[in-house]
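Contents: one structure, followed by commentary.
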Amino acid sequence: MTWTQWFIFLLIIQVIHGLGTWKLYVKADKKAWQAFVPVYNAVVLMKIINRPVWWVILLFLPVVNVIMFIVVWVETARSFGKNTYLDTFLAVISLGFYNYYLNYVADVKHIKDRALQPKSSSGEWTSSVLFAIVAATIVHTYFIQPFTIPSSSLEKSLLVGDFLFVSKFHYGARVPMTTVAAPMVHDTIPGLKVKSYLFDDNFEKRKTSWLNKLQLPYLRLPGFENIKRNEIVVFNQPADTLLDMNDFHPKRNYYKPIDKKTNLVKRCVGLPGDSLEVRNGYVYINGKKNDLPDRAKLQFSYEVDLKPNRTLDGDIVGYLKERYDITDGIYVSYKTQKITLPAATQFAANQFKNHPSVSKVTRVVGKKGEFDPNIFPHTPEYPWNVDFFGPLYLPKAGATIALNLEVLPLYKRAISEYEGNTVSVNGNQILINGEVANSYTFKQDYYWMMGDNRHNSIDARAWGLVPYNHVLGKPILIWMSWNGAKPRWERFFTTVHGKGKATSYLIPVLILLGLWIGYNQWRKRKKA
């Protein structure tokens, strides 16, 4: 829905609330009209149920408000003497319409100074859990979100098994668009394998379904910095129409809202307004080779020829991984005397050349002009591949491009899916929203996200431009890291960005934690 439609919807909710509670307001020594005034009625209600006024803010935070509505329904019933399990159940199951029974049928009196402490251990436990969920959801949505590295696309900088803290406030927290969803759960509810949100995923019905009209328009809170070149960024995969987050074979008849698309982490090598090109596997920006930070380690695929009748002693895979820091996926063919390294740094490849059993090490590179159908924009008119790509202009907000049939494949998805227009072709004419268009002015910025593991990364080369409204946040800290069942202690509490070798702050964190625990124990003993 648009902001205007949401405003009308909220006014209707206020009328429903007023009709169902105005007598209760009167019984609480308030005025009947106060039950109908938007926002003010919530402030007055907080006084009626003897709760802090700042709760009103929580009623307007998407996702959080779903929990808070339930709490307020129950608290309203309890403020008028309805404390039984049945009353609580009816208040929740009726979606708050139990108030109508209290308002028009039940003979209730307002308990002005009621005790706020739950009368049972189960009630106390439920209250504690609910507010823990509320607090965690606020932190998760607007400040810091935990994230796990699932793939090796940024290997050496970020490893599979790294656990990150991702900052939402650096670039500005994005207000949730999906209003009815389980808190702190992204795509599916763990164990149940069902969607964690209400949404019609049918591609044909995605714009007309009433469920999808519950979506909020895109809104981002102010941040204090912009995305910088070569920063590692977490974002929602723009072309994600996957039924299963682990299924990387797009099905175009399945659709997800922006904030529920698959979370990915890549390096932002191209900024709005750049002209980007990939030559021989290396990125060039405006004709100049992109210089990566020293922590970044590019990896490519290599083929290794062994000398005749020579093999490596011992476990060749273990030898390569231990000696040359080469990742998994090594393929060895003793028949052809060849080794395939799917991902290795240039340093590791050069070191390996000196081994007495090695004849030659060759980097695998695609041919310029060789068309790869898996590479954006997926048309033979642009014969691009993972090693030779572009040049491609990355649009920025307010920039206007000339539009013709030649460039349309590059920007059609952005104009239609990301900017909400209908795009069609009639002969040699391009129609946007039914009108002939020879140019287009973009509404938002677009970025280019790539992995350092250049031959083992599903990134922008596969789906194209990444719009700013898909940006989630900036990873700032690796708080834990595991290699299978083995902890990588040297990576605990290390920063993601920065120069030089990352330093672990695990020991200082443990010292501070110990001091805090000791201080609390001392304070309890002193109080006793």
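Computed from heavy atoms alone, side chains included, the values below leave out hydrogens, waters and symmetry copies.
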Under 3.5 Å, side-chain donor or acceptor atoms of residues 56-65 against the rest of the protein: list the pairs with distances, not counting sequence neighbours.
from : atom 1 : to  : atom 2 : distance (Å)
N65  : OD1    : V63 : N      : 3.3

What donor-acceptor contacts under 3.5 angstrom involve side-chain atoms of residues 463-477, with partners at least two apart or in another chain?
from : atom 1 : to   : atom 2 : distance (Å)
Y468 : OH     : Y171 : O      : 3.1
H470 : NE2    : K261 : NZ     : 3.1
K474 : NZ     : E225 : OE2    : 2.8
K474 : NZ     : E231 : OE2    : 3.0

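Checked against ring-ring contact (aromatic ring centres under 6.0 Å, His included), F97 has the following partners two or more places apart in sequence or in another chain: Y100. Qualifying side-chain contact (heavy atoms from CB on, under 4.5 Å) partners for A32, counting only residues two or more places apart in sequence or in other chains: W22, V26. Partners of H140 according to the side-chain hydrogen bond (donor to acceptor under 3.5 Å, both in side chains) rule, which considers only residues two or more places apart in sequence or in another chain, do not exist here. Every residue two or more places apart in sequence or in another chain that forms a ring-ring contact (aromatic ring centres under 6.0 Å, His included) with F80 is listed here: H110. Not a single ring-ring contact (aromatic ring centres under 6.0 Å, His included) links F493 to another residue, sequence neighbours left out. Applying the side-chain contact (heavy atoms from CB on, under 4.5 Å) criterion to V92, with sequence neighbours excluded, gives I70, V74. Applying the salt bridge (charged side-chain N to carboxylate O under 4.0 Å, His left out) rule to R491 yields the partners D162; only residues at least two apart in sequence or on another chain are considered. Residues passing the side-chain contact (heavy atoms from CB on, under 4.5 Å) test with A296 are S157, R267, L292, P293, D452, sequence neighbours excluded. Taking the ring-ring contact (aromatic ring centres under 6.0 Å, His included) definition, one finds that F163 meets it with W479, sequence neighbours left out.
To the nearest 0.5 Å, atoms CH2 (W489) and OG (S481) are separated by 11.0 Å. The distance from the CG atom of N41 to the NE2 atom of H17 is 4.5 Å, given to the nearest 0.5 Å. Put simply, CG on L394 and CG on L271 are 8.0 Å apart, with the number rounded to the nearest 0.5 Å. To the nearest 0.5 Å, the span separating CZ on F69 from CD1 on I13 amounts to 7.5 Å.
Formation of a donor-acceptor pair under 3.5 Å by the N520 side chain with backbone atoms of I517 is not found in this model. A donor-acceptor pair is defined here as one N or O able to donate and one able to accept, closer than 3.5 Å; such a pair exists between the side chain of D459 and the backbone of G451. Of the possible donor and acceptor atoms, one in the side chain of R488 sits under 3.5 Å from a partner among the backbone N and O of W482. Looking at W516, its side chain never comes within 3.5 Å of a backbone N or O of I511 through a donor-acceptor pair. Remark: the backbone N or O of L24 is not paired with any side-chain donor or acceptor of T21 at under 3.5 angstrom. In this structure, D87 contributes its side chain and T84 its backbone to a donor-acceptor pair below 3.5 Å. Checking side-chain atoms of S457 against main-chain N and O of N453 turns up no donor-acceptor pair under 3.5 Å. Side-chain N or O atoms of K168 include none that pairs as donor or acceptor with a backbone N or O of R174 at under 3.5 Å. In this structure a side-chain-to-backbone donor-acceptor pair under 3.5 Å is missing from R229 to C268.
Other residues, nucleotides and ligands place no more than 12 heavy atoms under 6.0 Å from the CG atom of N226. At most 12 non-hydrogen atoms from other residues, nucleotides or ligands lie less than 6.0 angstrom from OH of Y519. Other residues, nucleotides and ligands contribute more than 12 heavy atoms inside 6.0 Å of the NZ atom of K443. Within 6.0 Å of the NZ atom in K47, the count of heavy atoms belonging to other residues, nucleotides or ligands does not exceed 12. Atom CH2 of W54 is surrounded by more than 12 heavy atoms from other residues, nucleotides or ligands within 6.0 Å.
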Candidate pair L219 and M177, rule side chain to side chain contact (heavy atoms under 4.5 Å, CB included), full reasoning: CA-CA 8 Å; L219 176 66; M177 302 175 209; over 6 Å; no
- request: Could you walk me through whether Y440 and N421 pass the side-chain hydrogen bond (donor to acceptor under 3.5 Å, both in side chains) test, one step at a time?
  value: CA-CA 11 Å; Y440 182 78; N421 302 290; 3.1 Å; yes
- request: Decide yes or no on side chain to side chain contact (heavy atoms under 4.5 Å, CB included) for V71 and F131, but give the supporting numbers first.
  value: CA-CA 9 Å; V71 173; F131 282 101; 4.2 Å; yes
message: With side chain to side chain contact (heavy atoms under 4.5 Å, CB included) as the criterion, how do I478 and F492 come out once you've worked through the C-alpha distance, each side chain's angles and the decisive distance to 0.1 Å?
response: CA-CA 6 Å; I478 302 169; F492 277 52; over 6 Å; no
task: Determine, step by step, whether D274 and W448 satisfy the side chain to side chain contact (heavy atoms under 4.5 Å, CB included) criterion, reporting the C-alpha distance in whole Å, the side-chain angles of both residues, the deciding distance to 0.1 Å, and the verdict.
output: CA-CA 9 Å; D274 285 345; W448 197 258; over 6 Å; no
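Side-chain contact annotation: D259 with N236, donor-acceptor N/O pair under 3.5 Å absent. When only modelled atom types and interatomic distance are considered, Q215 and T179 share no side-chain donor-acceptor pair under 3.5 Å. Under 3.5 Å, the side chains of R220 and Y218 contain a donor-acceptor pair of N or O atoms.
Listed by first and then second residue, the salt bridge (Lys or Arg N to Asp or Glu O under 4.0 Å) pairs that reach into residues 13-41 come to none, sequence neighbours excluded.
Taking the six-membered ring for Trp, F89 and Y85 have ring centres at least 6.0 Å apart.
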